[in-house]
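Structure first, then comments.
Both counts, for ligands and for their atoms, begin at 1 and track the order of listing.
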Amino acid sequence: MDSPDRTIPLIDLQPQHQEIAAEAQRAIASVVESAAFINGPDVAAFEGEFAEYVSTQFCIGVGSGTAALKLSMQALDIGPGDEVIVPANTFIACAFAVSQLGARPIFVDMDEHYTIDADRVEEAISPRTKAVMAVHLYGNGADMARIGKIALKHRLKVIEDVSQAHGARLNGKRLGSFGDVAAFSFYPGKNLGAFGDAGAVCTNDAGIDRKIRLLRDLGQVRRHEHVVVGDNSRLDSLQAAILRIKLRHLDSWNAERRSAAQRYDALLCESGFKPPPRRNGCEHVYQYYVVNVCDRKRVLGQLSDRGIKAAIHHPVPIHLQPAYRHLGIARGRFPRSEETCETVLSLPIFPGITNAQVDRVASVLRDHAKPAYHVWA
Ligand SMILES: *Cc1c(COP(=O)(O)O)cnc(C)c1O
């Protein structure tokens, strides 16, 4: 059913809430009754279930996706003097996590999949490079085969950021099971979202697992015994309880996103729009359904006039954000990311979006938007 007020949000969490509402209420009541708000049994249970889902040996629940990235790199001993290769076109937290450890993000332009360009990774490597961060943007997989080869050749670690691609598979393997470590955000709007901030790290390395467990909990091995300088970045029991419930729906919710995306593809193709790229062998999970349009500001206005909330992910490439002005990277350095940031438009997509809603969004685009094309050498 279309929402009664006919507005279409970018992400409507209500349909998924309704599916789990009764179960979520019971889970919350049970955590409250136990009063085990921190380190309750749901935390370990979720960690086990999520590790099994991603098919890694270990999962460590943490406070947010940003914390997951930071703790992952800290566990890889990345710190002052080190460099980490990061895509220029991604969410800012990817670079901030590097900077907060005192290391330096080295930006690389994107490929035609919006993910880090494997062709450009090697030229960004220096003697200080410790790791490459592959971000699976919008729900599409980065080129893990080539990134893995480059990392092996240069003895670099691979960090996956799966905050936009929970449940996606690449050649049959879940994203998050390719790198040395994988960071996930469970921010409410993500494909797997908590009722607040939450995150996790997945890894097959027992040493990394042990380190992150210490680092997230003030370096405690047992009460009052702190063996390293740690942080307070735990996943709390209420969030874990909610995530356990939602995890059981993730595959079917992702399937709903894929079928909405197929409908957009078909409708928009007729008007000359290019469907979002999907990497060969990748089962895309469409955290965002992104098209490229000319004159985006006007198109956003046309959508907004009809109650449709579109958004921009991400409007400014990281090297051009004021927070990184001190690096002195001029506009023009990463042309693909820069041009793409000018034209990308994320259309409403979420589990439970109706055909009628998709049709309404598509018809506004067909009537009022002109597709943008980027041609790169
Ligand atoms: C959401 C997101 C993050 C940050 O997650 P938080 O839980 O908000 O800290 C990191 N990386 C990417 C790619 C994201 O989309």
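In summary, the atoms of ligand 1 found under 4.0 Å from a heavy atom of Ser64, numbered by their order in the structure, are 7 (O), 9 (O).
In terms of polar-atom proximity, Lys190 is counted as a contact of ligand 1, with an N or O under 3.5 Å from an N or O of the ligand. Backbone and side-chain nitrogen or oxygen atoms of Gly65 are examined, and one is located within less than 3.5 angstrom of a nitrogen or oxygen of ligand 1. Where the criterion is an N or O separation shorter than 3.5 Å, residue side chain and backbone included, Gln164 meets it with respect to ligand 1. For ligand 1, one of its N or O atoms has an N or O atom of Asp161 under 3.5 Å away.
Taking a 6.0 Å sphere around CZ of Arg298, one finds it holds more than 12 heavy atoms contributed by other residues, nucleotides or ligands.
Looking at Arg248, Arg244, Lys246 one by one, the single match for salt bridge (charged side-chain N to carboxylate O under 4.0 Å, His left out) with Glu23 turns out to be Arg248.
There is a path of hydrophobic side-chain contacts, each under 4.5 Å, that joins Val361 to Tyr289. No chain of hydrophobic side-chain contacts below 4.5 Å, direct or via other Ile, Leu, Val, Met, Phe, Trp or Tyr residues, connects Val132 to Leu101.
Nearest residue to atom 8 (O) of ligand 1 from Ser185, Ala68, Cys94 is Ser185 (criterion: closest heavy atom).
Of the protein's heavy atoms, Phe91 CD2, 3.5 Å lies nearest to atom 3 (C) of ligand 1.
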| Run the side chain to side chain contact (heavy atoms under 4.5 Å, CB included) check on Glu47 and Ile60 step by step: do they pass? | CA-CA 6 Å; Glu47 289 174 338; Ile60 311 100; 4.3 Å; yes
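For the atom pair Asp231 CG and Leu215 CG, the distance stands at 8.0 Å (nearest 0.5 Å).
Using a 4.0 Å cut-off between heavy atoms, Val135 contacts ligand 1 through its side chain alone, with no backbone atom that close. The parts of Thr66 lying near ligand 1 are both backbone and side chain, judged by heavy-atom distances below 4.0 Å.
Taking the ring axis of Phe178 as reference, the NZ or CZ atom of Lys173 stays within 45° of it and closer than 6.0 Å to the ring centre.
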